[in-house]
Amino acid sequence: GENNETTDVNENAGNNNAENNAENNENNDGEEAAEGDFSAKMVTDTGGVDDRSFNESAWEGLTTFNEDYPETEVDYIQSDDSADYQPNLNQLAREGTDITFGIGFLMLDDIRTVAEQNPEQNFALVDDEVLDGDDEPVDNVANILFAEHEGSFLTGVVAAMHTETDHVGFIGGVESPLIEKFRNGFEAGVNYVDEDIEISSQYAQDFNDPNQGQQIADSFYGNDADIIYHAAGDTGNGLFTEAIDRREGGEEVWAIGVDQDQALTEGEYSDGNVILTSMVKRVDQAVYEVAEMTMNGEFPGGETLEFDLEDQGVGIAETQDNVSDEALEAVEEYEAEILNGEIEVPQTEDELEEFLADL
Amino acid sequence: MIRDFLRSRAFGLVVPLIAVAFGLIAGAVIMLLSGNNPIDGYSGLIGGIFGDMYYFGETLRAMTPLILSGLAFAFAFRTGLLNIGVEGQVIVGWFAAVIAGISWDAPGIIHLPTALMAGALAGALWAFVPGILKAKLHVHEVIVSIMMNYIALHVVNSLIRGVFLDTGQRTAFVPDSASLSSEWLQGVTDFSRLHWGFLIALAAAVVMWFLLWKTKKGFEFRAVGFNQNASLYAGMNVSGNITSSMSISGAFAGLAGAVSGLGTYGYIEIFNTFTNLGFDGIAVALLGNSSSIGIVLSAFLFGGLSEGSGNMQAAAGVAPELVEIIIALIIFFVASSYLIRWIYKRLDSIRKGEK
Amino acid sequence: MDLFLIILYTIVPAALISATPLLLTAMGGLFSERSGVVNIGLEGLMVFGAFSGILGTLFFESLGFGMLSPWLGILTAAIIGMIFSLFHAVASISLRADQIVSGVALNILAVGLGVYITREIFDAGQTPTISARLFRQDVPLLSEIPIIGDMFFSRVYPTTWVAFLLVIVVWFVVFKTPFGLRLRSVGEHPAAADTMGINVNRMRYIGVMLSGLFGGMGGAIYAITAAGSFSGGTITGQGFMALAVLIFGKWHPFGAFGAALFFGLAQALSISAQSIPGLQDVPQVFMLILPYVVTILALAGVVGRATPPKAMNTHYEKGSR
Amino acid sequence: MDYVIEMNNIRKEFPGIVANDNITLQVKQGEIHALLGENGAGKSTLMNVLFGLYQPEQGEIKVRGEKVDVTDPNVADRLGIGMVHQHFMLVEKFTVTENIILGSEPKSRGAIDINKARKDVKEISDRYGLRVDPDAKIEDISVGMQQRAEILKTLYRGSEILIFDEPTAALTPQEIYELMSIMRNLINEGKSIILITHKLKEIQEICDRVTVIRRGKGVGTVDVEGMTETGLAEMMVGREVTFEVQKGEAQVGETVLNLKDLVVEDARGYDIVDHLNLEVKSGEILGVAGVDGNGQTELVEALTGLREVKSGSISLNNKDITDYKPRKVTEAGVGHIPQDRHKYGLVMDFTIGENILLQQYYQKPYTNNGIMDYKKLYEKAESLIEEYDVRTASSHTLARSLSGGNQQKAIIAREVDRSPDLLIAAQPTRGLDVGAIEFIHDKLVEERDSGKAVLLVSLEMDEVLNVSDRIAVIYEGKIVEIVDAKDTDENELGLLMAGGKQEAGEAE
Ligand SMILES: Nc1ncnc2c1ncn2[C@@H]1O[C@H](COP(=O)(O)OP(=O)(O)OP(=O)(O)O)[C@@H](O)[C@H]1O
Ligand SMILES: Nc1ncnc2c1ncn2[C@@H]1O[C@H](COP(=O)(O)OP(=O)(O)OP(=O)(O)O)[C@@H](O)[C@H]1O
Ligand SMILES: [Mg+2]
Ligand SMILES: [Mg+2]
């Protein structure tokens, strides 16, 4: 029964020194375990726990948490379709799970319903904000958001620094406000570096169609774009396929990955990797932190935690073999500008227009 | 004696039961081979179906649209048509029902029926296209309905995205006056999402049975399904019957979407892929031998297995895909009832030989 | 005119890429349905082909076969597809199951089994990405031909050309050889074939197994060229599209070739539309549904009635009429 | 005695029925041996046993004195046995040549050597006088040519012993005549033939000996010479059969059907019924005689609303019914026994009860306000099944499982029971045995005697001559002559059917 009043998002999210917390809580933990193991579990969306994207990342967060606190119990349930979300969330709640994570904004409504039905249980939603009928936050739900636009801005910067043709591309999965954040941030980043760089962008309207991803990439590269960023799930694999293919044919093209450091699993070709960089979203870290806070009796219920550049919740991938020093310097520079508020990265179409107008 | 039994109704029930048993045994073997404990797996599965009122309610909830999409396929099948387009009809039915729910206000007694009707009508309209093309131009209904599935997906998604988007990927919620959800049903099932759509689905099963086997139209639908020439000879309107039986099939499918939209979800979201309700409906119908009772029972099996699979994974660590394998094998064994009959005859003659 | 050519240069190669797996799988369906066995299970055959193609490629990669691996992967998929199709064959031929029912079961089984095994092997719902890939190449000499060369022979996957050659082979086998004549006779009038001493069920087994072989290749080529890995979502509906291609092509190899190409073109056009002046302003949804609408229109208007093999979806028992 | 074929004590059972019960059949070298029996007597079964399609439970088969085990058609083929099946075993979409070579195709470099095949077919067909077009598709050629293709199939394989199962059932008189001479050719070439037919005349004309079977049992084998038709029929049925249709004078009344300048197109858009005029009066049976393909099928289809009328008019009881839909035609008082009972006459997967009410299901008392009363439907069906002696296990049996004769009886029950003013009977006795034929002919006469008009369309000259009161001869879509049945004979009819009158007219 942790009762938290709504607190300032940033204030709370700023309190994210994971390692510090981990150490502080070693002692605490023994007591908790005596009362009964602390359990943190998650419900995946239909992508599954090994989607090489945020489900997988979230699960990594929980497993790391479990490694750090071996007395705790972590687990996940996989959803085969969106009708499963509610029963799965419910199942965990009924088991008395101390904190149940719903991964993905698709679970928004289900988590609200289940949270209302189980007011004693704690929940957290990744990628969206749960509000009740009166648009008020729900007490037993923590909301985890990411500043994807900020991370995408930085990949836009990298793309702008690397393009030889002054033409880059963006492939989106299904058009939605979330994916728009990626696109607007990216475009802002590219044009912030150089207003004259052309940006092609297209939605596949499908997260699961690599064939289409390849064809879109083909048409972008064919029209002289040399770097393409994707926020399109499996569809994005088609982008990598096309990039590899063109690389093997001697063309100097690049792809930019999303969510995880995709160069670790994708993009290899005979002479290196076609992935220039990736926009990483640290779902693992967010999940870890929220689990830890809950365990320590600091469940951020009713709050919205935005993980942004500042808390290193988003950013460019660690694999930087392909990124020029120049570009890295620029990234660092702009990152600082974002952090100190000089740059306000646009999230929506309207904000982007304003942003571009102001350049 | 054996011949009579093999032909009897009782045997008609025995076959699916044996098939289910075979399917479960095969599932157990697969679990063993992959290093899982079948007893744990199955107790998790059964717990996830009957374990408590919540799970049971969820199972009934899951089977609701499957009954309707099964009826949709079965109705067309009985009248000689292969409606592979149930999936698309479900999607447009879902969409139309939700839009009818959110776009105006009325007392529940008017609002809810209109929304349901809108769903059924949209499904019917979607099925009308392959129906009329088949009737008038002899275009193969299978391809047209496959194409209509994709068209439904893209058109509905783009309408949601462009016109009806509320937050995230979905529309606004339908108001209570257009909602099928029932606090009472949720109450007795411990907050499951069981809703009035369940009763609608059961009623629809009765309707299909009645329509096919008790009405004049049903007589004609079946006749046209079996022999168009003889039906023409007997004065029936062949192309009219093809078009209407396809549309009726689509109406069932549209209702399947409508009850999902108005009951389980309360909204429609941008679909990342197909809902699979339609494709599963094909399997439900075939497993249920395209009869109303059979469909209700096989929808229960489908709903139960897929609901229970979550618990099976949680309790015994068995991948939920196992359930799909089991379902496929059950369908296989039911379809191959010849095998079961053959084994039965063999056993019987061995027994006789010993006497 | 120039613009038109430029459009063709973009969409024709793209069309060839999407047409290839559909076409191969449709060839498989052709063998099966020409022998009288309906094959709604093409989807499942592609799924299993994609699964075994990726698995095979990964396996041969790990043995150090290098760039040969994807080809061996495709071969693996063909063989495993053939074995997997026995499920449909045994059920619908020997056990007299309804062919449609059995095909639907095959589809469900393929996804279930493919993902289940994937989980068992990789402890994940999807396989790792293959690193040995097939690459698009210019066809020597032919790509030098003006206009046509750039459209059809530049930057194509070698699998596309293998597929096209196979279409000719299929045509030859089905329409020019004794085997083909017998296969077709079994699909048209099994009793007649039986009286001519042809083993009806054996021909049908062969027909279905060939559908497994081609469907497996189709799925594998899709997975290897486009996706690079296998998961439950790799094949979503391509098998049904292949079925449509088969029917649209009136159960004829060249008809299916035309249908697959037509379909590929419509799809490629829908994707490239955004970079084509004049089409840019058309709302995307119209472009997305274009391939499907055009197919329906073509069926309704130009192509008209397609008569399936007469004995399709029937069982043959000796002496029955 | 040297028999080419000896089938001794053959027994073949099907679930619930003994189709062949201890039957013995011995065929001499070089003879045409008839096999005679009612529908369902077991003739086809016996031949399928000989051809290796069925395995007998008991009995032995000797070919040229040697005991053989015919396990499948390939064995029969090797033994030189070929069979022309009752239901054609031809692939409709294949060409004649393809059908003939199927299963033993000449090859060159892996492909079918189609040129050699065509040449071989041509050679054999010339040798036996079997005119066929080797490149024509089966679906495009006449039944007679299909028949010849069937025969060629056996000859191509070098069969010495040929089985013909009811080869003449679907042939026109000309084609039958041609077939007879082909059979004689074959005998002259040293082959032996087993012929199954229901037409006693044919047996008398061409066969040497005849084996009769009744209900699965052998009745005996006799020389044809010295046997009368009546004798054969009695042997077969086990009772006396009358061939003359018993009927009194026609009591002719008002005109019921009146066709004026009727033009109907066939599928290819050709005026196959060409300004046809015809009247049928109550109380008479008007027979339409003609060679197949002279517009009979299209005429009947136009009359019953199944085909569009291009011009001209149809009136029934002085009411114009041109272009009525089938149901309105039926309700106006027309009954129709269709030529193709499987295509139009029956829904094979419906029960026999549902089929018997196929024209009335929608009326009271079977349907009330759109709701069917199946109890009433089956009650009615059962009384008709009884009245028309339809042999079926029950009214709930699927039509598919009835024998042809009984299926036809069910159709007749349905059409006659409604007591239509005009009964159109198209080839009502095709393929039926004499008992069934007798029954159907009696029913037609009964209708006529109760003051109805009957239009009988038949390709069988005997039937037309025996049953009709007046005969209209159709040639190239026109009625070229109407004669009184009493005043004409086969010769005159044959001449008229071949267009004799027109030629005579043109010559004038
Ligand atoms: N495939 C079968 N399965 C079961 N019973 C059969 C089968 N074929 C024939 N019969 C039975 O065997 C009996 C003999 O049938 P058969 O076809 O040999 O008769 P037939 O003398 O050729 O008749 P028809 O003159 O009508 O051709 C039938 O009455 C039927 O009961
Ligand atoms: N495959 C079968 N299975 C069971 N019974 C059969 C089968 N084939 C035929 N029969 C039975 O055989 C009997 C006679 O059939 P058959 O087809 O020989 O009659 P028919 O008068 O020759 O018909 P047709 O005019 O169509 O040739 C029927 O009573 C039918 O029930
Ligand atoms: Mg017979
Ligand atoms: Mg017969």
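Convention: sequence-line order gives letters A, B, ...; per-chain numbering from 1. Note that these values count all heavy atoms, side chains included, but never hydrogens, waters or copies made by symmetry.
- Contact count against chain C (heavy-atom pairs under 4.5 Å) is highest for D:K93 among D:M83, D:K93, D:E98.
- Residue pairs meeting the side chain to side chain donor-acceptor pair (under 3.5 Å) criterion with at least one member in residues 200-215 of chain C, sequence neighbours excluded: C:N39-C:S211, C:S94-C:Y205.
- If you tally non-hydrogen atom pairs under 4.5 Å between each of D:F51, D:F88, D:F94 and chain C, the highest count goes to D:F94.
- The two atoms that bring D:A410 and D:I352 nearest to each other are CB-CD1, 3.8 Å, heavy atoms only.
- For chain D, the option among C:R184, C:M196, C:K310 with the highest count of heavy-atom pairs below 4.5 Å is C:M196.
- For a residue to count as touching a neighbouring chain, one of its non-hydrogen atoms must lie under 4.5 Å from one of that chain's; by this rule C:F172 touches chain D with the side chain only.
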Report the C-alpha separation of D:H342 and D:Q407 in whole Å, then their side-chain angles, then the decisive distance to 0.1 Å, and conclude whether the side-chain hydrogen bond (donor to acceptor under 3.5 Å, both in side chains) test is met. CA-CA 9 Å; D:H342 289 177; D:Q407 290 172 346; 3.0 Å; yes
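- D:L102 touches chain C through backbone and side chain together, each having a heavy atom under 4.5 Å away.
- There is no contact between D:D113 and chain C, counting heavy-atom distances below 4.5 Å.
- Ring geometry, C:F164 versus C:F257: the interplanar angle exceeds 60°, so the pair is classed perpendicular (tilted spans 30 to 60°).
- A cation-pi arrangement is absent between C:K250 and C:F248 under the rule of less than 6.0 angstrom and at most 45 degrees off the ring axis.
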